[in-house]
Amino acid sequence: QFHMIKYEDLTSVKSLGQGSFTRIFKGCKTDIRDGEKHLTEVLLKELDVAHKNCWESFFEAASLMSQISHKHLLHVYGISVHGVKNIMVQEFVKYGALDLYLKRGRSVSVSWKLDVAKQLASALNFLEEKNIVHGNICAKNLLLAREGDPSQGSSPFVKLSDPGISVAMLGKDVILDRIPWVAPEVLEFPDNLTLECDKWSFGATVWEIFNNGNAPLRGWVLERKRRFYESFQQLPPSQWTELADLISQCMDYQAAFRPSCRSIIRQLNSLITSDYVILHATEPVTQ
Ligand SMILES: N#Cc1ccc(Nc2nc(N)cc(-n3cnc(CCO)c3)n2)cc1
């Protein structure tokens, strides 16, 4: 279901570190179109050999992203298999993962953050309309294509990355480690990812964005994370009550009570017009 890219048409330029079970490289793809040689800057996502057995799930994620197209969904050019190497070839998104961008201490305005949240909500709405579950919504999987001018509040532009290997393929410990992004019901039924699971993850991701990319429950051990769900705890609420309300609606332990994407977008729109935004034009950067 997707384009196969010849390994010899790819060159990797430099390593950019790793995602979970993958390593990522900045690279180049050459293709010949109407007799001309074209070079395209790409992101090469290589599945760790140790997780070679997950290659179906790895490529399923790629095919999900290449079957549909939306301005806030990452474009996947195709895949390349060469010996033990399984490589997903993606568009190179200029500023990389949003969590790292925010952690680098860029002071961005509240309206900048709301803009990003709204773009993610519209990508989720698009997937919901097609009844497609992403399964790994988090700030690390939000890629920043345009910075916008954070202080002038000129708008950023984000793209949702592929979900990677399905959480159902991974061990219990990986699922526990994804607390609080993974919906509570996924711990019991990892094979049954629903659209509601993405709503929960959306809530945790908005929390990250408004906490400057700092991970919620950062550094907690798995046992403590598990107890967080067992005792139905919520993330520390933002002092902006309307935002805290939206996050806790998304992170409702009863999946059926989580809001529709349309409701999420409506609530974000009313947040954007609230006076809190003007009062907190650029939050002081809290390290
Ligand atoms: N310094 C720097 C820098 C690094 C990366 C990019 N670009 C880019 N493009 C993509 N398509 C995907 C990713 N990416 C980043 N982390 C993951 C793993 C979690 O998904 C995926 N990064 C741009 C600048």
Side-chain angles (χ1 to χ4, degrees), residues 2-3 5 10-29 39-48 50-51 54-55 57-80 85-106 108 116 119-120 123-124 127 133-148 150 156-167 169-170 174-175 177-178 181-182 198 201-202 204-205 208-209 212-216 218:
F2 32 61
H3 183 52
I5 296 166
L10 296 171
T11 44
S12 85
V13 170
K14 74 169 185 170
S15 165
L16 292 173
Q18 51 261 340
S20 31
F21 314 109
T22 58
R23 283 182 303 157
I24 56 174
F25 303 86
K26 181 171 184 176
C28 257
K29 152 171 94 83
L39 274 181
T40 317
E41 207 179 40
V42 293
L43 188 285
L44 303 172
K45 201 174 214 179
E46 190 178 314
L47 180 62
D48 286 349
H51 291 89
C54 300
W55 66 271
S57 181
F58 179 67
F59 288 146
E60 209 167 288
S63 81
L64 176 139
M65 302 303 282
S66 46
Q67 268 158 30
I68 47 178
S69 87
H70 183 270
K71 60 181 179 175
H72 292 305
L73 288 180
L74 177 75
H75 179 66
V76 173
Y77 292 110
I79 63 164
S80 181
K85 282 181 186 278
N86 293 295
I87 300 167
M88 189 191 311
V89 184
Q90 309 181 341
E91 70 170 300
F92 185 80
V93 179
K94 195 165 181 334
Y95 298 95
L98 184 67
D99 66 326
L100 295 183
Y101 180 84
L102 292 173
K103 277 180 219 166
R104 274 187 216 117
R106 296 287 193 296
V108 292
V116 166
Q119 292 175 25
L120 174 56
L124 273 193
L127 292 173
V133 179
H134 183 277
N136 195 5
I137 309 283
C138 59
K140 182 194 287 286
N141 279 339
L142 262 187
L143 303 169
L144 189 63
R146 194 178 65 216
E147 277 187 302
F157 196 90
V158 290
K159 292 183 171 239
L160 179 59
S161 179
D162 65 285
I165 301 167
S166 151
V167 79
M169 292 287 292
L170 304 167
V174 174
I175 298 176
D177 197 42
R178 286 202 184 164
W181 292 272
V182 67
D198 284 342
S201 309
F202 174 82
T205 305
E208 280 187 280
I209 294 167
N212 299 316
N214 293 317
R218 184 177 44 179

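Whatever order the structure lists them in is the order used to number ligands and atoms, beginning at 1. What you see below is based on every heavy atom in this structure, not just the backbone, and it leaves out hydrogens, waters and symmetry mates.
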For Lys85, which residues count as a side-chain hydrogen bond (donor to acceptor under 3.5 Å, both in side chains) partner, sequence neighbours excluded? Glu46
Please list, chain by chain and in numerical order, all residues satisfying side-chain contact (heavy atoms from CB on, under 4.5 Å) with Ser69, sequence neighbours excluded.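 With sequence neighbours excluded, Ser69 shows a side-chain contact (heavy atoms from CB on, under 4.5 Å) to no residue whatsoever.
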Test side-chain contact (heavy atoms from CB on, under 4.5 Å) applied to Gln67 - qualifying residues, sequence neighbours left out: Gln1, Ser63
Determine the minimum heavy-atom distance between Leu73 and Ile68, stating which atoms define it.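 Smallest interatomic distance, heavy atoms only, reads CD1-CD1, 3.7 Å.
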Please determine whether a side-chain nitrogen of the Lys or Arg among Glu91 and Lys159 lies less than 4.0 Å from a carboxylate oxygen of the Asp or Glu. yes
More than 12 heavy atoms of other residues, nucleotides or ligands under 6.0 Å from NZ of Lys29: yes or no?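 Atom NZ in Lys29 is packed in, count exceeds 12.
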Close N/O pairs between ligand 1 and protein, under 3.5 Å:
residue  : atom   : partner : partner atom : Å
ligand 1 : 7 (N)  : Val93   : O            : 2.7
ligand 1 : 9 (N)  : Val93   : N            : 3.1
ligand 1 : 11 (N) : Gln90   : OE1          : 2.9
ligand 1 : 11 (N) : Glu91   : O            : 2.8
ligand 1 : 20 (O) : Asn141  : OD1          : 2.9

